[in-house]
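As structure tokens, the structure follows; a few thoughts come after it.
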Amino acid sequence: MNPVDWLVLLGTILGIAGYGVWRTRHTDHLDTYLKGSRNTGWLTIGLSVAATQASTITYLSLPGQAFENGIAFIQNYFGLPLALILVCAVFLPIYRKLGVYTAYEYLGKRFDGKTRLLGAGIFLLQRGLQSGITIYAPAIILSTVLGWRLDFIIVGIGVVAIIYTVTGGSAAVNLTQKWQMAVIWTGMLSAFGILLYKLPDQATAIAGAMGKLEAVDWSLDADKRYTFWSGLLGGFFLSLSYFGTDQTQVQRYIGGAALREGRLGLMFNAVLKIPMQFFIVMLGALLFVFYQFQPGAPVVFNQAAWQQQLRGGNAAEFRALEDRHTAQHADQLQKIRAWTAVRENGDAAAIAAARDALQQSQQAVQAIRAEARKALEEAAPAAKKTRDSDFVFITFILTQLPHGLIGLLLAVMFASALSSKAGELNALGTTTTIDLWRHLRPLAEHDEAKNVRAAKWFTAMWGVFAISFALFVSFQENLIEGLNIVASIFYPTLLGLFIVAFFLKKVGGSAVFWAALAAQAVVLGIYAGGKVWPAHEIGYLWLNPIGCAAVVLFSLLFQAVFPHKPFTEGNEANGA
Amino acid sequence: MKRSPPPDDENPGVPGFRHWRGVYLFVFGCFVAVVIALTIFSHHFA
């Protein structure tokens with residue numbers, strides 16, 4: 001990085017944060033602090049929803065995942081548009097009508113205090129756990145690649161997010177997210193443009209021939225992690241939980257001048273989310289092609305850790321692996337050129353033979369890379385904390401982009417970390433204020449200034465918690481998967497509570513409360529069982545429909561067996 | 001007497017759409033079109 005990069009990076013990140021603080025420094029109304037300005041339009045809401053969902057992991061890890069395994073991950077988003085339609089049609093109008101600050105307030109109105117506390121508690125538990133991961137995930141990768149201190153990056157991201165989120169609450173989060181999204185997409189499109197310029201002819205065909213462009217898999221195999229069906233069903237429940245019941249999202253769209261603004265903001269995401277994710281995974285697939293044509297393509301992309309080994313006691317072993325990779329990589333490039341040459345002649349048998357030879361060579365390269373990663377993880381256990389594919393895009397940024405754009409792309413990574421972190425802190429602070437503090441101290445409700453002060457304190461407290469968690473907890477799992485797995489364990493129960501609330505009007509508070517606890521035990525049991533007996537492990541996306549269905553079934557069962565507490569408040573809450 | 005539309009189905013204020021139902025159908029149509037396009041894309045490059 002040179003001074004131009006530093007100027008772009010710091011100017012962008014601190015400029016947006018400073019602008020957010022300055023514009024919202026006088027936010028002293030509780031409604032504005034928790035829901036944002038009443039003048040917020042649909043585009044700001046839509047961008048805010050998108051910015052909250054897409055963290056740095058989306059922009060760093062997703063291209064790497066496509067580089068390694070192809071673009072099949074896109075199917076995870078297939079349930080999202082349908083879930084957003086349901087949120088628009090059912091969830092949002094009820095939240096708006098009741099004028100709630102949090103989704104869990106609705107559970108209190110529909111059921112009772114303990115169910116509200118359970119919903120808020122599940123949200124705080126799972127989002128609190130994730131808050132550490134979302135700050136640690138980008139920090140570990142950026143620290144490794146840039147050579148900066150990990151704790152400095154964690155504290156830097158955390159403190160900047162705390163300052164503007166505490167100052168302006170939702171108003172600041174909405175405002176800054178709009179500009180952060182502008183920076184993110186300017187940077188991503190610039191990187192994509194340069195990649196396209198550097199790609200060889202027939203790049204897309206080569207990516208397809210090497211198995212990177214299988215976007216849709218219609219098979220019914222439950223063991224496969226990403227298929228159309230798991231994406232549609234599991235993705236639908238995961239998205240419905242996230243957008244309909246997770247306060248980080250609910251808080252983004254319940255504000256605005258009218259119901260229309262929130263709805264259009266969500267529909268904006270329903271239409272654009274899959275194309276946006278397709279763009280990101282295609283970036284990864286094309287990066288794969290780019291590196292096939294680079295003679296010095298690294299055997300391992302975590303070069304900081306690899307170079308350390310080349311200077312250590314195992315240097316001979318690692319250099320031998322590197323040499324084998326260089327030779328096999330050159331052979332693979334030759335096979336790619338042979339395949340593209342015969343492809344133009346149109347001889348089907350020759351094309352098939354060339355493609356078979358290419359795939360065999362590709363498998364040999366993959367085997368060497370797997371061997372190298374394993375050797376690296378054994379020699380340097382710290383390398384296990386990240387996946388090598390997480391370093392692919394950042395390596396491209398640092399080695400292939402011109403100065404100035406390097407700063408902009410690093411700003412993309414920090415802006416996405418800040419935008420998702422700010423949305424998270426905002427929601428955690430709001431839920432703690434409204435569903436815990438104010439619920440336990442009902443008299444405080446009438447003192448608006450005291451409520452705003454409490455919300456600011458709780459937001460800051462969660463920020464400090466997230467920073468501490470990221471600094472002191474040792475993460476082992478790959479990060480994007482870790483986020484989705486944590487969500488899939490806790491979301492189904494939360495969604496089940498809301499499904500019962502909206503659609504099963506005869507079920508009362510006690511029945512749904514105990515049903516939710518039982519369903520959470522079932523989900524945890526299935527997940528733990530899969531870890532103990534890997535042969536019976538199911539894809540984590542399936543936990544979403546299973547857990548949600550368990551809440552519904554247990555609720556009906558408990559209500560039938562213990563019907564002595566009939567539901568009475570729901571008609572009012574539902575407007576029925 | 002003409003019945004007023006329910007409050008949650010107010011005019012979306014989007015050119016070409018008089019009800020939210022139409023907006024939802026449009027979004028669903030976009031989703032189907034994207035899945036078809038991705039399937040064709042997968043087959044083309046398989």
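Note that these values count all heavy atoms, side chains included, but never hydrogens, waters or copies made by symmetry. By convention in this document, chain letters (A, B, ...) are assigned in the order of the sequence lines, proteins followed by strands, and residues within each chain are numbered from 1. It should be emphasised that the depicted structure is a prediction, and the values quoted were computed from it without experimental measurement.
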Are [X] and [Y] side-chain neighbours, meaning at least one heavy-atom pair lies under 4.5 Å?
X         : Y         : answer
Tyr24(B)  : Met267(A) : yes
Met210(A) : Ile336(A) : yes
Lys97(A)  : Tyr106(A) : no

Using non-hydrogen atoms only, which part of [X] is less than 4.5 Å away from chain B: side chain, backbone, both, or neither?
X         : result
Ile71(A)  : side chain
Ile206(A) : neither
Ala207(A) : neither
Phe278(A) : side chain
Leu82(A)  : side chain

Note to self: Taking the ring centre of each residue, are Phe91(A) and Tyr253(A) less than 6.0 Å apart?
What the structure shows: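 Here the rings of Tyr253(A) and Phe91(A) have centres that are no less than 6.0 Å from each other.
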
Note to self: I'd like to know whether the aromatic ring centres of Phe41(B) and Phe45(B) sit less than 6.0 Å apart in this structure.
What the structure shows: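 Under 6.0 Å, so yes.
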
Check: Of the listed residues (Pro275(A), Cys88(A), Ala209(A)), which shares the most heavy-atom pairs with chain B below a 4.5 Å separation?
Finding: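 Most pairs with chain B among the choices: Cys88(A).
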
Note to self: Main chain of Gly231(A), side chain of Gln75(A): is a donor-acceptor contact present, judged purely on distance under 3.5 Å?
What the structure shows: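 Not at all, since once roles are kept as given, no pair shorter than 3.5 Å links the two residues.
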
Check: Is chain A contacted by the side chain of Phe31(B), its backbone, both, or neither, given a heavy-atom distance below 4.5 Å?
Finding: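 It is the side chain, since no backbone atom gets that close.
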
